[in-house]
Every structure is written in C-alpha cells, then in structure tokens.
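What follows is one structure encoded as structure tokens, with my remarks underneath.
To find a chain, count down the sequence lines: A is the first, B the second, and so on, and within it residues start at 1. Please read all numbers here as calculations on a predicted model, not as lab measurements.
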There are 2 protein chains.
Amino acid sequence: MRDVAKIAGVSVATVSHVVNDKAGARIGDDARRRVQEAVAELGYRPNALAKTLSQGTSRFIGLVADAIATTPFAGQIIHGAQDEAWKHGYVLLVANTDGNAAAENEAIAMMLEHQVHGILYSTWYHREIQVPEALHQTDTVLVDCFAAGNVLPAVVPDEEQGGRTATEELLAASHRRIAFINTTTPSPAQTGRLAGYRAALAAAGIEFDESLVFPAAPEQEGGYAATSAILDSKATAVFCHNDRVAMGLYDGLREHGLRIPEDIAVMGFDNQDVIAAHLRPTLSTVALPHYELGAAGVRLLLGLEPAPESGPKLIACPPVLRHSI
Amino acid sequence: MRDVAKIAGVSVATVSHVVNDKAGARIGDDARRRVQEAVAELGYRPNALAKTLSQGTSRFIGLVADAIATTPFAGQIIHGAQDEAWKHGYVLLVANTDGNAAAENEAIAMMLEHQVHGILYSTWYHREIQVPEALHQTDTVLVDCFAAGNVLPAVVPDEEQGGRTATEELLAASHRRIAFINTTTPSPAQTGRLAGYRAALAAAGIEFDESLVFPAAPEQEGGYAATSAILDSKATAVFCHNDRVAMGLYDGLREHGLRIPEDIAVMGFDNQDVIAAHLRPTLSTVALPHYELGAAGVRLLLGLEPAPESGPKLIACPPVLRHSI
DNA sequence: TTGAAAGCGCTAACAC
DNA sequence: GTGTTAGCGCTTTCAA
C-alpha cells in the first residue's frame, strides 16, 4: 500500500480511500486515476487481515460440523452457508469434529482466535444437542439441530410439514389406505413425520390406523424387511421414512412381482439424489432442505433475518414429484 | 494481551513468550506462573490475525471447489483436507465456484487477500483442467484434477490401478470371461479403468476381447440398459464403471431372474456408500480415495511430501469386498 | 531474565 | 481534497 502511495504520489490514506471506494471521501479525479494505475501496475492486493485488525471486525464466519463427509447432506449445508456468506462479503472457515468433544472445543477456540463474526454449529441429521460451553463466547446459530430451552437460535427442517406434504401427495393420488414405514430411531424426524402423516390423514377425514405404521431401521434393509408386513396391510400406498427405506422396499415389492406405482405407490423422504432420481421408477419424495438450512443459518447469524421468538426457525421440505406415485 | 501483562506485572513481550512457549526465551518460573494465571483469569485468547500480520505468514489454506454439494465426494475431499490441515495447525478457508470462472477468480482473489499459505484447487470428478490465471500468484496444488504439461503439482486417483484391482478380484474368484461396462464419457476414468482391466487380463493370460466391453451412460440407467448385451455376451462376471451403473445392472439382472453372485458376479467402482453398502447383495467395489486426495493435497502444499517429478501424484484405489462376487 | 520499541498493513480522526 | 498520525494485537530484535 505504501508502494502504491509512493508511485501514485499520494498518501496511504488516499490509497485506502480510493481502494475502498469510501463514501464520504472527496478524492480528485486525477489522484484517483493515479492510484488506480499504481494499483494495477503493482498488482496490489489489500491485506484483508490487516484490515480486520484495524477495523476490529472480521468477515469470517465459522462453520463447525460434526461430520462433513459421512453424508452427502453435510456438503449441502456447507454449500448453502458458503454461498450466502459470500453474498454478504463473508468467508467460511470450516472445521470438522467427527462429533468428538475435544476436537469441537479446539475448533471453536481456533475460530474465536481468528475473530470470527460468529459460528454456525451444524449436525448432519436433525437432532437435539448439548451446546458446547465454548459456543457461548460468540454469536452462534445452530443448523439442523437445536438446544433444549431454545437457548440459541436454530434452524431446522420442518419435519411435520414434510410428513404432511408427503402424505398429501399420496392422498391427492386418491389413496386412502396409506401405510407409513417409520424409523425406529427416536428423533425429531420420527415424531415430526408421524405427526405430519396423522395431520394429513385427519385433514382428509381418514381415521388414523395404528396398524398401518411400521417401524423399521432407516436404511434399505429396513424397507426390504418391511415388505411383507406392508403387503399384509393391504395398503395401496406407502410413505417411507426416507429414500433408503424406499429403495429397500422397491426391492421387496419387486420380488413379489408388484409394480410401482400401478400396484402400490411409494413416497420417500430426503431426496437423496443418487437414489431417488435413479430408481426405477424414479422416486417421488420430499426434499430435506440442507442448502437452505445453511443459507438461513448465515442469515440469522448476520441478523439479516429475525429468529422466531420461540423455537427454531423451520425450513419447509418441498415435495419432489417423480414417478413412484 | 496488554491486560494480561498488566495483571501479571510483566511486559507484553513476556506474555508473548510464555503464551507461545518460545524456545529460546528465559522466563522465570514465577513470572511464567503469574502470566498463566492472568491468562486464565481474563480468559485471554490470542488474536490469530494479529499474529499473522506481525509474522507475515498465515495459517490459512484455501480450498476452492467447483462443486461442494453436487456429490457426496466433494465433501470427502474437504474432510480429508481439513483433517490434515488441522493436524499441522492450519485452517481451511472454503469457497464454492459452481465451475463458474468469475466466481473462481473472485474466490481466488479473496483467498489471496486473506494471505493464504496456498490454495487447493479441486474438482469433484477426475479430469484435466485449464488452470485459472490467478492461481499462479500463490502456491497451488490441484486435487482430483490436473493441468496439461504438469505445470502444477496435482494429486489424483490411480484409475488404472483401480481398474486392475477390480478385475483382479473377479479373476481371483475364477472368472475368465469378464465383461466391462465402461462410461461413454471421455475422461481419465474411462481410459484408466479400461487400461487397468486390460492389464489385469493380460497378466492372467487372458486375451482382451473388444466385444466384452460395453459403453454405457455412467448412471443407473446405463447399467440397466446394458443388461441384455451383458447376458448375450455370456460373461460370468461384470466390472462396472461405477456403483451407479452396477445398481442399474442389478435391476436388469434381477428382472431376468439372475442371482448375484451365483449366476453372475458384479464389481463396482467408487464405493459410493449409500449405494454399495446397501444393495442386495452388498456390492463389492473399488474405493475412490477422496479423503486421501484432500489430505495428500495438503501435504504436498505444505511441502511435507515431495511431488513426483513428472505427472500427478497417484493415490491408490483400494478394493472394498462385499457380497457381489 | 525481562522490557522497550519498532513494525506488520491498514483504517479513521483530524488537521491542513 | 489530501496528508499525518495514532492505533489494531502481536512478534521480535536489542538493550538492560
């Protein structure tokens, strides 16, 4: 910067003003031009770190995730957060903790040392968490997870609306006897999707039939194993807890010579691309809005959007219609 | 830091020395203890940015990716890079460019302004790239891609070895007539895996039979469509260009009433978890080492490991045996 | 064994 | 309009 000033024959203050296009700074056309030329000539690049130090406020946002890689989903959260942060001139600092508390504290400490504007704490599946102590030392928003007592702003998928939507799609295709293969794992997804399923049935004037909900491991194996129970139930459509379960069910159904959707309709959840878009027939499902979760997290953190006064911010799970209904 | 010094009754220089555990610094036990107490009392945290400014050397590594989210794979690269960077006291700055050149330049500029130690430029599938001009302004290593003329250090999966390994596994199960469903997309994967397939056959004394390699779209649909050709070929085993192709082939085979692996063995490539580990039977495949790619990229960047004098650094694709052979 | 002081690159009052 | 200068929080000679 000094060099630029020297070449342009001005002071560093002037350089700073033109480089940052300062609002209230009156700079002569000539001086401005000379500075710009010098910048170009020298290939000058401002030092963002020095700027931060001097202004006392950084453009970093930290993202600490419990599992960047285990699932395709985490990547989408990063992606959404990154895009949104970028849009507002912020930069993402990422750290993976593998769910390990020590790594977590270290990661948070490191972000604090780098003067992050705030931290996004994310998990790869929607759940309640214990808030790490260290998070209280800066602004934090929880992404795809939430804390008891709503002590921190959080943004999570609207599981209930998702379950409702999924069921409604089946209802819209005139199904009345709709089975639901739910996960055996206690989670907001388990209760939320079930509540949505019941709400949709109720709204359609269909009585909830407990014997139509089947517990299963939330994977291909679970869906496959549920096949005969589904068949016995005489359901004409089945809403699966997730796409993987639906994939397993496809296999089971096929073995019994059943056609989808002619003989039985199938609805998934998650919109896991590698699966849903490529099963035969392609799978209708409800999308988990991971990208939006990341983006909304950043917006809350930057105060661009107000957090709901009570409870986490809910992001809608939109239906993705393909050919299994 | 000044506050700590004041409370401990020493100078900031002394605080700096004890906080950083400086080697050649003689600090009295008493002073050291007082500083440590003051640090604890104040909850003092060093400002990493100020440190960088003063030392002139940062602990940032930039990762620019063309697609963080499109695929589960990109996440693994980030994960590997992050873990390795972390291990050496570095922090990852990530940017997504969606393959857009403008975003790319902006991302690189931003990283440069943040004084990154170097940049990891990664793509989500192995290919040759045009090196963005801006990358030459700092140390760069290419991850999962490479540049013509080997102008930049690069680290990529060893496609040929992967193809060889896959074929060898089939050979080891006593198959002699092995079909290969290759992608129609020109790429290092296309040529490398084919070369590996041929090499393995040659080593086993089996003549290469052109009519045993089938072109197909690298997705479920391609594998499914190739079914009848595979059946006509009388092959007893098939090596699929990737797991998605294998998944499609599973469907096709099942429709023809064939059992895997009793009637025909199937080998995949990629080790895409959501698929490979959960097909029935589970799919034997070869893993694309994305995590390792990211980690090795960081090692090359930090000079912890020498780059090969010619060509990219090859990372092995290990076999993952399950139940389809 | 410890401290004073210069300087890292930049911003922001304020003076001219 | 433009320049001077005092920091921002830290490291690092060098002197004491």
**Q.** B/Val131 versus B/Ala147, closest heavy-atom pair with distance
**A.**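 Closest pair (atom of B/Val131, atom of B/Ala147, distance): CG2-CB, 3.4 Å.
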
Q | Distance in Å, B/Glu113 CD paired with A/Lys51 NZ, rounded so as to fall on 0.5 Å steps | A |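 B/Glu113 atom CD to A/Lys51 atom NZ measures 7.5 Å (nearest 0.5 Å).
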
**Q.** Straight-line distance of B/Asp144 CG to B/Leu120 CG, nearest 0.5 Å
**A.**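 So the gap between those two atoms works out to 11.5 Å.
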
(Q) So, OP1 or OP2 of C/dG3: does either fall under 4.0 Å of a side-chain N or O from B/Thr14? (A)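 Yes, B/Thr14 has a side-chain N/O under 4.0 Å of OP1/OP2 on C/dG3.
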
Q.
With a 4.0 Å cutoff (strictly under), does any side-chain N or O of B/Arg45 reach OP1 or OP2 of D/dG9?
A.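 Result: no.
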
With a non-hydrogen cut-off below 4.0 angstrom, is [X] in contact with a base, only sugar-phosphate, or nothing?
X: A/Arg32; answer: nothing
X: A/His17; answer: nothing
X: A/Gly56; answer: nothing

Q.
Checking A/Met111 against A/Phe60 for the side chain to side chain contact (heavy atoms under 4.5 Å, CB included) test, could you report, in this order, the C-alpha distance in whole Å, the side-chain angles of both residues, the deciding distance, and whether it holds?
A. CA-CA 9 Å; A/Met111 306 211 141; A/Phe60 288 118; over 6 Å; no

Heavy atoms from C-beta onward define the side chain here; which of [options] lies closest to that of [X]?
X: A/Asn47; options: C/dA12, C/dC10, D/dC10; value: C/dC10
X: B/Lys22; options: D/dG3, C/dC8, D/dT12; value: D/dT12
X: B/Ala50; options: D/dG7, D/dG3, D/dC10; value: D/dC10
X: A/Val12; options: D/dT12, D/dT11, D/dT5; value: D/dT5
X: B/Val10; options: C/dC10, C/dC8, C/dG3; value: C/dG3
X: A/Ser16; options: D/dT4, C/dT11, D/dG9; value: C/dT11
X: A/Met1; options: C/dG7, C/dT2, C/dC10; value: C/dC10

Atom [atom1] of [X] to atom [atom2] of [N]: distance rounded to whole Å?
X: A/Arg26; N: C/dC16; atom1: CZ; atom2: P; result: 16 Å
X: B/Arg33; N: C/dT2; atom1: CZ; atom2: P; result: 12 Å
X: B/Ile27; N: D/dT12; atom1: CD1; atom2: P; result: 14 Å
X: B/Leu53; N: D/dC10; atom1: CG; atom2: P; result: 12 Å
X: B/Asn20; N: D/dC10; atom1: CG; atom2: P; result: 10 Å
X: B/Gln55; N: C/dA6; atom1: CD; atom2: P; result: 21 Å
X: A/Asp3; N: C/dC8; atom1: CG; atom2: P; result: 11 Å
X: B/Gln115; N: C/dC10; atom1: CD; atom2: P; result: 8 Å

(Q) When you measure from the side chain of B/Asp66 to the backbone of B/Trp124, do you find a donor-acceptor pair of N or O atoms at a distance under 3.5 Å? (A)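 Looks like yes, one N/O pair under 3.5 Å.
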
Q | DNA chain C: 5'-proximal contact among B/Ala13 and B/Ser54 (nearest heavy atom) | A |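 This one resolves to B/Ala13.
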
Q: Any salt bridge (Lys or Arg N to Asp or Glu O under 4.0 Å) involving residues 72-89 of chain B? Give me the pairs, sequence neighbours left out, ordered by first then second residue.
A: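 Counting only pairs at least two positions apart or across chains, the salt bridge (Lys or Arg N to Asp or Glu O under 4.0 Å) contacts touching residues 72-89 of chain B are B/Glu84-B/Lys87, B/Glu84-B/Arg299.
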
